[in-house]
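Reviewing the structure listed below.
Proteins get letters first, then strands, A, B, ... in listed order; numbering begins at 1 in each. Computed over heavy atoms, backbone and side chain alike; hydrogens, waters and symmetry mates excluded.
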Protein chains: 2
Amino acid sequence: MTRTDSKPSGRLPKSERRAQVLAAAQEVFVAAGYHAAGMDDIAERAGVSKPVLYQHFSSKLDLYLALLDAGIEELHAGYAAGLRSTSDNKVRVQRTVQAYFAFVEDPQGAFRLVFESDLINEAAVRERVDRADLAVAQAIAHVITEDTGLSPQQALLLGSGMLGMSQVAARRWLRHARTEISREEAAELIASLGWRGISGFPLSHPPED
Amino acid sequence: MTRTDSKPSGRLPKSERRAQVLAAAQEVFVAAGYHAAGMDDIAERAGVSKPVLYQHFSSKLDLYLALLDAGIEELHAGYAAGLRSTSDNKVRVQRTVQAYFAFVEDPQGAFRLVFESDLINEAAVRERVDRADLAVAQAIAHVITEDTGLSPQQALLLGSGMLGMSQVAARRWLRHARTEISREEAAELIASLGWRGISGFPLSHPPED
DNA sequence: CCGACCGTGGAGGTCAAGATCGGTGTCCAA
DNA sequence: TTGGACACCGATCTTGACCTCCACGGTCGG
(Lines give C-alpha, C1' and ligand atoms only; values in the text may rest on other atoms or scores of the structure.)
Protein backbone atom coordinates (compact mmCIF):
# COMPACT_ATOMS: atom_id res chain seq x y z
CA MET A 1 0.00 0.00 0.00
CA THR A 2 2.66 2.47 -0.92
CA ARG A 3 0.41 4.28 -3.39
CA THR A 4 -1.62 7.11 -1.90
CA ASP A 5 -2.74 8.84 -5.06
CA SER A 6 -6.39 8.87 -4.04
CA LYS A 7 -5.64 10.65 -0.79
CA PRO A 8 -6.70 14.28 -1.20
CA SER A 9 -4.01 15.68 1.05
CA GLY A 10 -1.17 13.80 -0.61
CA ARG A 11 1.41 15.13 -2.99
CA LEU A 12 -0.17 16.47 -6.13
CA PRO A 13 1.20 17.72 -9.44
CA LYS A 14 1.70 21.44 -9.42
CA SER A 15 -1.11 22.27 -11.82
CA GLU A 16 -3.58 20.10 -9.96
CA ARG A 17 -2.64 21.58 -6.62
CA ARG A 18 -2.98 25.02 -8.11
CA ALA A 19 -6.45 24.23 -9.40
CA GLN A 20 -7.41 22.93 -5.99
CA VAL A 21 -6.21 26.13 -4.35
CA LEU A 22 -8.10 28.19 -6.91
CA ALA A 23 -11.30 26.27 -6.30
CA ALA A 24 -11.02 26.65 -2.54
CA ALA A 25 -10.21 30.35 -2.84
CA GLN A 26 -13.20 30.89 -5.08
CA GLU A 27 -15.47 29.24 -2.55
CA VAL A 28 -14.17 31.43 0.25
CA PHE A 29 -14.12 34.65 -1.75
CA VAL A 30 -17.61 34.03 -3.07
CA ALA A 31 -18.98 33.24 0.35
CA ALA A 32 -17.30 36.01 2.33
CA GLY A 33 -15.99 38.59 -0.12
CA TYR A 34 -12.39 39.65 -0.46
CA HIS A 35 -11.85 41.50 2.78
CA ALA A 36 -13.66 39.12 5.08
CA ALA A 37 -11.86 36.17 3.53
CA GLY A 38 -8.66 35.12 5.20
CA MET A 39 -5.72 33.29 3.79
CA ASP A 40 -6.11 30.96 6.76
CA ASP A 41 -9.63 30.12 5.64
CA ILE A 42 -8.52 29.51 2.08
CA ALA A 43 -5.65 27.29 3.18
CA GLU A 44 -7.89 25.30 5.47
CA ARG A 45 -10.55 24.97 2.77
CA ALA A 46 -7.97 23.73 0.30
CA GLY A 47 -6.49 21.32 2.82
CA VAL A 48 -3.03 22.85 2.52
CA SER A 49 -0.91 25.16 4.60
CA LYS A 50 -0.42 28.85 4.01
CA PRO A 51 3.12 28.54 2.66
CA VAL A 52 1.73 26.40 -0.15
CA LEU A 53 -0.59 29.24 -1.07
CA TYR A 54 2.35 31.56 -1.44
CA GLN A 55 4.21 29.01 -3.49
CA HIS A 56 1.49 29.34 -6.11
CA PHE A 57 0.38 32.97 -5.73
CA SER A 58 2.58 35.80 -4.58
CA SER A 59 -0.17 37.57 -2.67
CA LYS A 60 -3.81 37.55 -1.79
CA LEU A 61 -4.47 40.09 -4.51
CA ASP A 62 -2.71 37.91 -7.06
CA LEU A 63 -4.93 34.99 -6.14
CA TYR A 64 -8.02 37.13 -6.39
CA LEU A 65 -7.06 38.55 -9.75
CA ALA A 66 -6.56 35.07 -11.15
CA LEU A 67 -10.09 34.17 -10.13
CA LEU A 68 -11.46 37.46 -11.40
CA ASP A 69 -9.86 36.93 -14.79
CA ALA A 70 -11.30 33.44 -14.97
CA GLY A 71 -14.75 34.74 -14.12
CA ILE A 72 -14.59 37.48 -16.71
CA GLU A 73 -13.40 35.00 -19.27
CA GLU A 74 -16.28 32.70 -18.41
CA LEU A 75 -18.77 35.51 -18.92
CA HIS A 76 -17.09 36.57 -22.13
CA ALA A 77 -17.15 33.07 -23.53
CA GLY A 78 -20.83 32.79 -22.73
CA TYR A 79 -22.07 35.89 -24.49
CA ALA A 80 -19.52 35.79 -27.30
CA ALA A 81 -20.81 32.38 -28.35
CA GLY A 82 -24.33 33.80 -28.34
CA LEU A 83 -23.35 36.76 -30.47
CA ARG A 84 -21.62 34.64 -33.08
CA SER A 85 -24.37 32.04 -33.19
CA THR A 86 -26.57 34.22 -35.40
CA SER A 87 -26.78 37.46 -37.30
CA ASP A 88 -30.31 38.20 -36.12
CA ASN A 89 -29.92 41.06 -33.70
CA LYS A 90 -33.01 40.18 -31.75
CA VAL A 91 -31.68 36.71 -31.15
CA ARG A 92 -28.34 38.23 -30.29
CA VAL A 93 -29.91 40.26 -27.53
CA GLN A 94 -31.76 37.21 -26.30
CA ARG A 95 -28.58 35.16 -26.25
CA THR A 96 -26.65 37.87 -24.44
CA VAL A 97 -29.25 38.21 -21.72
CA GLN A 98 -29.46 34.45 -21.43
CA ALA A 99 -25.68 34.40 -21.01
CA TYR A 100 -25.94 36.82 -18.10
CA PHE A 101 -28.56 34.73 -16.39
CA ALA A 102 -26.55 31.58 -16.97
CA PHE A 103 -23.44 33.24 -15.61
CA VAL A 104 -25.26 34.33 -12.50
CA GLU A 105 -26.65 30.86 -11.98
CA ASP A 106 -23.22 29.26 -12.17
CA PRO A 107 -22.90 27.20 -8.97
CA GLN A 108 -19.34 28.38 -8.42
CA GLY A 109 -20.68 31.89 -8.07
CA ALA A 110 -18.08 33.63 -10.17
CA PHE A 111 -20.50 36.49 -10.76
CA ARG A 112 -19.92 37.58 -7.18
CA LEU A 113 -16.32 38.37 -8.09
CA VAL A 114 -17.24 40.29 -11.24
CA PHE A 115 -20.48 42.03 -10.27
CA GLU A 116 -20.22 42.38 -6.49
CA SER A 117 -16.55 42.68 -5.77
CA ASP A 118 -15.69 44.48 -2.57
CA LEU A 119 -12.25 45.21 -4.01
CA ILE A 120 -13.58 47.48 -6.73
CA ASN A 121 -11.44 50.34 -5.42
CA GLU A 122 -8.27 48.46 -6.21
CA ALA A 123 -7.04 49.84 -9.50
CA ALA A 124 -6.33 46.44 -11.04
CA VAL A 125 -9.79 45.15 -10.22
CA ARG A 126 -11.56 48.29 -11.33
CA GLU A 127 -9.68 48.28 -14.59
CA ARG A 128 -10.54 44.70 -15.42
CA VAL A 129 -14.20 45.02 -14.56
CA ASP A 130 -14.43 48.26 -16.50
CA ARG A 131 -12.82 46.66 -19.50
CA ALA A 132 -15.18 43.69 -19.35
CA ASP A 133 -18.21 45.94 -19.05
CA LEU A 134 -16.98 48.08 -21.92
CA ALA A 135 -16.60 45.03 -24.12
CA VAL A 136 -20.18 43.96 -23.49
CA ALA A 137 -21.52 47.48 -23.90
CA GLN A 138 -19.66 47.85 -27.17
CA ALA A 139 -20.96 44.55 -28.42
CA ILE A 140 -24.51 45.66 -27.69
CA ALA A 141 -23.78 49.09 -29.08
CA HIS A 142 -22.71 47.46 -32.30
CA VAL A 143 -26.07 45.75 -32.49
CA ILE A 144 -27.77 49.05 -31.77
CA THR A 145 -25.94 50.99 -34.43
CA GLU A 146 -26.94 48.36 -36.95
CA ASP A 147 -30.62 48.90 -36.23
CA THR A 148 -30.74 52.61 -35.42
CA GLY A 149 -29.08 55.81 -36.50
CA LEU A 150 -27.78 56.71 -33.09
CA SER A 151 -24.28 58.05 -32.59
CA PRO A 152 -21.58 55.75 -31.17
CA GLN A 153 -21.67 57.57 -27.85
CA GLN A 154 -25.42 57.25 -27.61
CA ALA A 155 -25.30 53.62 -28.64
CA LEU A 156 -22.62 52.90 -26.06
CA LEU A 157 -24.71 54.52 -23.36
CA LEU A 158 -27.69 52.42 -24.36
CA GLY A 159 -25.45 49.38 -24.41
CA SER A 160 -24.37 50.02 -20.85
CA GLY A 161 -28.03 50.41 -19.96
CA MET A 162 -28.78 47.02 -21.47
CA LEU A 163 -25.82 45.59 -19.59
CA GLY A 164 -27.00 46.99 -16.29
CA MET A 165 -30.51 45.81 -16.99
CA SER A 166 -29.32 42.25 -17.55
CA GLN A 167 -26.87 42.27 -14.68
CA VAL A 168 -29.13 43.67 -11.98
CA ALA A 169 -32.20 41.76 -13.12
CA ALA A 170 -30.24 38.51 -13.23
CA ARG A 171 -28.97 39.07 -9.70
CA ARG A 172 -32.43 39.90 -8.42
CA TRP A 173 -33.86 36.84 -10.16
CA LEU A 174 -31.22 34.61 -8.60
CA ARG A 175 -31.81 35.88 -5.09
CA HIS A 176 -35.54 36.55 -4.99
CA ALA A 177 -37.40 35.07 -7.92
CA ARG A 178 -35.56 31.90 -8.86
CA THR A 179 -38.22 29.59 -7.49
CA GLU A 180 -41.08 31.46 -9.08
CA ILE A 181 -39.77 32.19 -12.56
CA SER A 182 -37.61 29.87 -14.62
CA ARG A 183 -34.30 31.10 -15.90
CA GLU A 184 -35.40 30.98 -19.50
CA GLU A 185 -38.60 32.86 -18.81
CA ALA A 186 -36.86 35.52 -16.76
CA ALA A 187 -34.18 36.02 -19.37
CA GLU A 188 -36.77 36.15 -22.12
CA LEU A 189 -38.68 38.76 -20.20
CA ILE A 190 -35.63 40.97 -19.80
CA ALA A 191 -34.54 40.38 -23.36
CA SER A 192 -37.98 41.47 -24.54
CA LEU A 193 -37.72 44.58 -22.41
CA GLY A 194 -34.39 45.44 -23.93
CA TRP A 195 -35.19 44.51 -27.48
CA ARG A 196 -38.46 46.41 -27.55
CA GLY A 197 -36.63 49.36 -26.11
CA ILE A 198 -33.93 49.26 -28.74
CA SER A 199 -36.12 48.49 -31.70
CA GLY A 200 -38.38 51.39 -30.78
CA PHE A 201 -35.73 53.90 -31.63
CA PRO A 202 -36.05 55.57 -35.02
CA LEU A 203 -33.65 54.69 -37.73
CA SER A 204 -32.74 58.30 -38.25
CA HIS A 205 -32.27 60.16 -35.03
CA PRO A 206 -32.42 63.95 -35.42
CA PRO A 207 -30.40 65.72 -32.72
CA GLU A 208 -32.79 67.74 -30.63
CA ASP A 209 -31.16 70.81 -29.14
CA MET B 1 -13.98 90.78 19.33
CA THR B 2 -14.03 88.27 22.11
CA ARG B 3 -16.14 85.80 20.14
CA THR B 4 -14.37 83.56 17.68
CA ASP B 5 -17.34 81.84 16.07
CA SER B 6 -15.87 82.13 12.60
CA LYS B 7 -12.86 80.09 13.57
CA PRO B 8 -13.35 76.63 12.10
CA SER B 9 -11.56 74.80 14.87
CA GLY B 10 -13.34 76.55 17.69
CA ARG B 11 -16.17 75.32 19.80
CA LEU B 12 -19.12 74.26 17.74
CA PRO B 13 -22.60 73.14 18.65
CA LYS B 14 -22.89 69.41 18.74
CA SER B 15 -25.08 69.13 15.65
CA GLU B 16 -22.81 71.37 13.64
CA ARG B 17 -19.72 69.49 14.67
CA ARG B 18 -21.46 66.27 13.81
CA ALA B 19 -22.36 67.59 10.38
CA GLN B 20 -18.76 68.61 9.84
CA VAL B 21 -17.56 65.15 10.76
CA LEU B 22 -20.12 63.60 8.46
CA ALA B 23 -19.03 65.78 5.56
CA ALA B 24 -15.39 64.93 6.09
CA ALA B 25 -16.14 61.25 6.42
CA GLN B 26 -18.15 61.30 3.22
CA GLU B 27 -15.28 62.90 1.35
CA VAL B 28 -12.86 60.27 2.57
CA PHE B 29 -15.19 57.32 2.06
CA VAL B 30 -16.15 58.49 -1.41
CA ALA B 31 -12.55 59.02 -2.41
CA ALA B 32 -11.05 55.86 -0.97
CA GLY B 33 -13.87 53.46 -0.18
CA TYR B 34 -14.61 52.02 3.22
CA HIS B 35 -11.65 49.75 3.75
CA ALA B 36 -8.96 52.04 2.45
CA ALA B 37 -10.29 54.93 4.51
CA GLY B 38 -8.81 55.39 7.95
CA MET B 39 -10.27 57.05 10.98
CA ASP B 40 -7.08 59.07 11.16
CA ASP B 41 -7.77 60.45 7.70
CA ILE B 42 -11.33 61.33 8.60
CA ALA B 43 -10.31 63.06 11.81
CA GLU B 44 -7.62 65.02 10.04
CA ARG B 45 -9.99 65.95 7.24
CA ALA B 46 -12.57 67.17 9.72
CA GLY B 47 -10.00 69.08 11.74
CA VAL B 48 -10.85 67.24 14.94
CA SER B 49 -9.24 64.59 17.05
CA LYS B 50 -10.10 60.95 16.99
CA PRO B 51 -11.82 60.94 20.39
CA VAL B 52 -14.24 63.48 19.00
CA LEU B 53 -15.14 61.06 16.27
CA TYR B 54 -16.00 58.44 18.83
CA GLN B 55 -18.01 60.95 20.82
CA HIS B 56 -20.34 61.25 17.85
CA PHE B 57 -20.17 57.75 16.33
CA SER B 58 -19.48 54.61 18.24
CA SER B 59 -17.56 52.95 15.45
CA LYS B 60 -16.39 53.27 11.88
CA LEU B 61 -19.30 51.16 10.75
CA ASP B 62 -21.74 53.39 12.57
CA LEU B 63 -20.35 56.42 10.81
CA TYR B 64 -20.56 54.71 7.47
CA LEU B 65 -24.13 53.59 8.02
CA ALA B 66 -25.17 57.13 8.86
CA LEU B 67 -23.77 58.31 5.54
CA LEU B 68 -25.28 55.38 3.69
CA ASP B 69 -28.70 56.13 5.13
CA ALA B 70 -28.38 59.76 4.14
CA GLY B 71 -27.40 58.77 0.61
CA ILE B 72 -30.30 56.36 0.27
CA GLU B 73 -32.65 59.00 1.60
CA GLU B 74 -31.31 61.50 -0.92
CA LEU B 75 -31.94 59.08 -3.76
CA HIS B 76 -35.36 58.23 -2.41
CA ALA B 77 -36.37 61.87 -2.11
CA GLY B 78 -35.26 62.47 -5.68
CA TYR B 79 -37.27 59.79 -7.39
CA ALA B 80 -40.22 59.93 -5.00
CA ALA B 81 -40.77 63.58 -5.90
CA GLY B 82 -40.66 62.60 -9.55
CA LEU B 83 -43.18 59.82 -9.09
CA ARG B 84 -45.65 62.05 -7.26
CA SER B 85 -45.26 64.93 -9.64
CA THR B 86 -47.55 63.35 -12.22
CA SER B 87 -49.78 60.40 -12.96
CA ASP B 88 -48.46 59.95 -16.49
CA ASN B 89 -46.43 56.78 -16.30
CA LYS B 90 -44.19 57.75 -19.17
CA VAL B 91 -43.27 60.94 -17.37
CA ARG B 92 -42.83 58.95 -14.18
CA VAL B 93 -40.24 56.78 -15.86
CA GLN B 94 -38.51 59.86 -17.24
CA ARG B 95 -38.45 61.49 -13.82
CA THR B 96 -37.12 58.37 -12.16
CA VAL B 97 -34.30 58.00 -14.63
CA GLN B 98 -33.53 61.69 -14.33
CA ALA B 99 -33.37 61.25 -10.57
CA TYR B 100 -30.77 58.53 -10.95
CA PHE B 101 -28.64 60.68 -13.20
CA ALA B 102 -28.98 63.62 -10.85
CA PHE B 103 -28.05 61.45 -7.90
CA VAL B 104 -24.96 60.19 -9.66
CA GLU B 105 -23.95 63.71 -10.57
CA ASP B 106 -24.20 64.91 -6.98
CA PRO B 107 -20.83 66.52 -6.21
CA GLN B 108 -20.69 64.88 -2.79
CA GLY B 109 -20.62 61.54 -4.53
CA ALA B 110 -23.12 59.77 -2.31
CA PHE B 111 -23.82 57.31 -5.09
CA ARG B 112 -20.46 55.73 -4.42
CA LEU B 113 -21.72 54.64 -1.03
CA VAL B 114 -24.99 53.26 -2.37
CA PHE B 115 -23.98 51.80 -5.73
CA GLU B 116 -20.31 50.97 -5.31
CA SER B 117 -19.90 50.16 -1.66
CA ASP B 118 -16.98 47.91 -0.81
CA LEU B 119 -18.79 46.97 2.40
CA ILE B 120 -21.64 45.23 0.61
CA ASN B 121 -20.86 42.00 2.45
CA GLU B 122 -21.63 43.55 5.79
CA ALA B 123 -25.14 42.44 6.64
CA ALA B 124 -26.34 45.90 7.68
CA VAL B 125 -25.11 47.47 4.46
CA ARG B 126 -26.44 44.72 2.24
CA GLU B 127 -29.81 44.89 3.92
CA ARG B 128 -30.16 48.64 3.47
CA VAL B 129 -29.08 48.64 -0.15
CA ASP B 130 -31.35 45.72 -0.90
CA ARG B 131 -34.24 47.47 0.73
CA ALA B 132 -33.59 50.66 -1.23
CA ASP B 133 -33.33 48.76 -4.49
CA LEU B 134 -36.49 46.87 -3.72
CA ALA B 135 -38.36 50.09 -3.08
CA VAL B 136 -37.34 51.49 -6.46
CA ALA B 137 -38.07 48.24 -8.25
CA GLN B 138 -41.48 48.06 -6.62
CA ALA B 139 -42.24 51.63 -7.57
CA ILE B 140 -41.40 50.86 -11.19
CA ALA B 141 -43.23 47.55 -10.97
CA HIS B 142 -46.31 49.44 -9.90
CA VAL B 143 -46.05 51.55 -13.01
CA ILE B 144 -45.61 48.42 -15.09
CA THR B 145 -48.61 46.61 -13.65
CA GLU B 146 -50.72 49.63 -14.45
CA ASP B 147 -49.83 49.42 -18.13
CA THR B 148 -49.42 45.70 -18.67
CA GLY B 149 -51.00 42.49 -17.55
CA LEU B 150 -47.82 41.00 -16.14
CA SER B 151 -47.73 39.22 -12.82
CA PRO B 152 -46.25 41.01 -9.79
CA GLN B 153 -43.17 38.81 -9.90
CA GLN B 154 -42.64 39.55 -13.56
CA ALA B 155 -43.24 43.24 -13.03
CA LEU B 156 -40.78 43.30 -10.14
CA LEU B 157 -38.16 41.62 -12.26
CA LEU B 158 -38.68 44.15 -15.01
CA GLY B 159 -38.54 46.90 -12.40
CA SER B 160 -35.15 45.70 -11.22
CA GLY B 161 -34.08 45.63 -14.85
CA MET B 162 -35.11 49.25 -15.24
CA LEU B 163 -33.31 50.05 -12.03
CA GLY B 164 -30.12 48.41 -13.20
CA MET B 165 -30.41 50.08 -16.56
CA SER B 166 -30.62 53.51 -14.97
CA GLN B 167 -27.96 52.85 -12.39
CA VAL B 168 -25.31 51.38 -14.64
CA ALA B 169 -25.99 53.78 -17.50
CA ALA B 170 -25.83 56.76 -15.16
CA ARG B 171 -22.50 55.61 -13.78
CA ARG B 172 -21.08 55.03 -17.24
CA TRP B 173 -22.33 58.43 -18.37
CA LEU B 174 -20.73 60.14 -15.38
CA ARG B 175 -17.37 58.51 -15.93
CA HIS B 176 -17.08 58.28 -19.69
CA ALA B 177 -19.67 60.34 -21.54
CA ARG B 178 -20.35 63.37 -19.35
CA THR B 179 -18.53 65.78 -21.61
CA GLU B 180 -20.12 64.45 -24.78
CA ILE B 181 -23.75 64.02 -23.76
CA SER B 182 -25.66 66.30 -21.46
CA ARG B 183 -27.30 64.88 -18.40
CA GLU B 184 -30.79 65.55 -19.67
CA GLU B 185 -30.11 64.01 -23.05
CA ALA B 186 -28.52 60.93 -21.55
CA ALA B 187 -31.35 60.44 -19.09
CA GLU B 188 -33.91 60.98 -21.82
CA LEU B 189 -32.18 58.37 -23.94
CA ILE B 190 -32.25 55.80 -21.18
CA ALA B 191 -35.80 56.70 -20.23
CA SER B 192 -36.83 56.18 -23.84
CA LEU B 193 -35.12 52.82 -23.87
CA GLY B 194 -36.96 51.76 -20.76
CA TRP B 195 -40.31 53.22 -21.64
CA ARG B 196 -40.38 51.75 -25.12
CA GLY B 197 -39.41 48.44 -23.60
CA ILE B 198 -42.20 48.56 -21.07
CA SER B 199 -44.88 49.92 -23.35
CA GLY B 200 -44.17 47.20 -25.87
CA PHE B 201 -45.47 44.51 -23.59
CA PRO B 202 -48.93 43.07 -24.28
CA LEU B 203 -52.10 44.50 -22.80
CA SER B 204 -50.46 47.88 -22.69
CA HIS B 205 -52.28 51.09 -23.38
CA PRO B 206 -51.63 52.43 -26.87
CA PRO B 207 -48.74 54.87 -26.87
CA GLU B 208 -49.83 58.47 -27.12
CA ASP B 209 -46.97 59.52 -29.36
C1' DC C 1 -7.21 88.40 40.61
C1' DC C 2 -7.19 83.19 41.10
C1' DG C 3 -8.44 78.41 41.00
C1' DA C 4 -11.07 74.65 39.12
C1' DC C 5 -13.07 72.42 35.15
C1' DC C 6 -13.82 70.76 30.54
C1' DG C 7 -12.62 69.65 26.05
C1' DT C 8 -8.50 68.93 22.78
C1' DG C 9 -4.45 66.72 21.09
C1' DG C 10 -1.07 63.27 20.43
C1' DA C 11 0.88 58.72 21.98
C1' DG C 12 -0.11 54.02 22.86
C1' DG C 13 -2.64 49.03 23.35
C1' DT C 14 -4.72 45.40 21.22
C1' DC C 15 -5.75 42.37 17.79
C1' DA C 16 -6.42 40.46 13.45
C1' DA C 17 -4.49 39.08 9.23
C1' DG C 18 -1.00 38.76 5.61
C1' DA C 19 3.46 37.01 4.85
C1' DT C 20 7.53 33.74 6.14
C1' DC C 21 11.42 30.03 8.58
C1' DG C 22 13.21 25.34 11.07
C1' DG C 23 11.66 20.50 11.33
C1' DT C 24 9.96 16.38 8.98
C1' DG C 25 8.28 12.75 6.27
C1' DT C 26 8.48 10.70 1.89
C1' DC C 27 10.11 9.29 -2.60
C1' DC C 28 13.71 8.09 -5.90
C1' DA C 29 17.93 6.25 -7.51
C1' DA C 30 22.07 3.63 -7.22
C1' DT D 1 18.53 -0.82 1.44
C1' DT D 2 19.89 3.74 2.36
C1' DG D 3 21.26 8.44 1.71
C1' DG D 4 19.87 12.73 -0.04
C1' DA D 5 16.88 16.17 -1.48
C1' DC D 6 12.44 18.16 -2.05
C1' DA D 7 8.12 19.78 -0.75
C1' DC D 8 5.01 20.54 3.03
C1' DC D 9 3.50 22.08 7.79
C1' DG D 10 3.26 24.36 12.59
C1' DA D 11 4.66 28.34 14.73
C1' DT D 12 6.07 33.08 14.37
C1' DC D 13 6.74 38.21 12.96
C1' DT D 14 5.33 42.30 11.52
C1' DT D 15 2.36 45.69 9.97
C1' DG D 16 -1.46 48.41 10.08
C1' DA D 17 -5.78 50.09 11.72
C1' DC D 18 -9.38 50.64 15.11
C1' DC D 19 -10.09 52.28 19.43
C1' DT D 20 -8.68 54.81 24.39
C1' DC D 21 -5.40 57.41 28.22
C1' DC D 22 -1.98 61.68 30.11
C1' DA D 23 -0.67 66.62 29.55
C1' DC D 24 -2.33 71.47 27.99
C1' DG D 25 -5.04 75.68 27.28
C1' DG D 26 -9.03 78.44 27.54
C1' DT D 27 -13.15 79.94 30.32
C1' DC D 28 -16.18 81.02 34.23
C1' DG D 29 -17.43 81.85 39.12
C1' DG D 30 -15.99 83.84 43.64
In a table with atom names and distances, give each donor-acceptor pair under 3.5 Å that connects a side chain of residues 156-169 of chain B to protein atoms at least two apart or in another chain.
unit_1: B:Ser160; atom_1: OG; unit_2: B:Leu157; atom_2: O; d: 2.7
unit_1: B:Ser166; atom_1: OG; unit_2: B:Met162; atom_2: O; d: 3.0
unit_1: B:Gln167; atom_1: OE1; unit_2: B:Arg171; atom_2: NH1; d: 3.4

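- The side chain of A:Ser49 contributes an N or O atom lying less than 4.0 Å from OP1 or OP2 of D:dC9.
- Within residues 50-61 of chain B, the residues having any heavy atom under 4.0 Å from DNA chain D are, by residue number, B:Lys50, B:Pro51, B:Tyr54, B:Ser59, B:Lys60.
- Listed by first then second residue, pairs satisfying ring pair (Phe, Tyr, Trp, His ring centres under 6.0 Å) with a partner in residues 153-190 of chain A read A:Phe101-A:Trp173, not counting sequence neighbours.
- Residues from residues 25-34 of chain A with heavy atoms under 4.0 angstrom of DNA chain D: there are none.
- Atoms CG (B:Asp40) and P (C:dG10) sit 11 Å apart, rounded to a whole Å.
- Under the side-chain hydrogen bond (donor to acceptor under 3.5 Å, both in side chains) criterion, B:Gln98 pairs with no residue at all, not counting sequence neighbours.
- Ring planes of B:Tyr64 and B:Tyr34: perpendicular class, angle over 60° (limits at 30 and 60°).
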Between protein and nucleic acid, restricted to nucleotides 14-16 of chain D and to nitrogen or oxygen atoms under 3.5 Å apart, what atom pairs and distances do you find?
none

Show the atom names and distances, to 0.1 Å, of all donor-acceptor pairs under 3.5 Å that link a side chain in residues 65-74 of chain B to residues at least two apart or in another chain.
unit_1: B:Asp69; atom_1: OD1; unit_2: B:Arg128; atom_2: NH1; d: 2.8
unit_1: B:Asp69; atom_1: OD2; unit_2: B:Arg128; atom_2: NH1; d: 2.5

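- Rounding to whole angstrom units, CZ of residue A:Arg18 and P of D:dC8 are separated by 14 Å.
- For residues 72-99 of chain A, the ring pair (Phe, Tyr, Trp, His ring centres under 6.0 Å) pairs, not counting sequence neighbours, are A:His76-A:Tyr79.
- In this structure, CG of A:Leu63 is placed 16 Å from P of C:dA17, rounded to the nearest angstrom.
- B:Tyr54 is linked by a side-chain hydrogen bond (donor to acceptor under 3.5 Å, both in side chains) to nothing, counting only residues two or more places apart in sequence or in another chain.
- Scored by the side chain to side chain contact (heavy atoms under 4.5 Å, CB included) test, A:Ser182 finds A:Glu184, A:Glu185 as partners (sequence neighbours excluded).
- Residues meeting the side-chain hydrogen bond (donor to acceptor under 3.5 Å, both in side chains) test with A:Asp133, sequence neighbours left out: none.
- Atom CD in A:Glu44 sits roughly 14 Å away from atom C1' in D:dG10 (whole-Å rounding).
- Here the C1' atom of nucleotide C:dG18 and the OH atom of A:Tyr64 are 17 Å apart, to the nearest Å.
- As judged by a 4.0 angstrom heavy-atom cut-off over every strand, A:Ala37 is placed among residues touching the sugar-phosphate backbone only.
- Take B:Arg175 and apply the side-chain hydrogen bond (donor to acceptor under 3.5 Å, both in side chains) test, not counting sequence neighbours, and it matches B:Glu116.
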Please report the C-alpha distance between A:His56 and A:Val52 in whole Å, then the side-chain angles of each, then the deciding distance to 0.1 Å, and finally whether the side-chain contact (heavy atoms from CB on, under 4.5 Å) criterion is met. CA-CA 7 Å; A:His56 289 275; A:Val52 183; 4.0 Å; yes

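- Rounded to an integer number of Å, the gap from B:Gln20 CD to C:dT8 C1' is 14 Å.
- Rounded to an integer number of Å, the gap from A:His35 NE2 to D:dA17 P is 11 Å.
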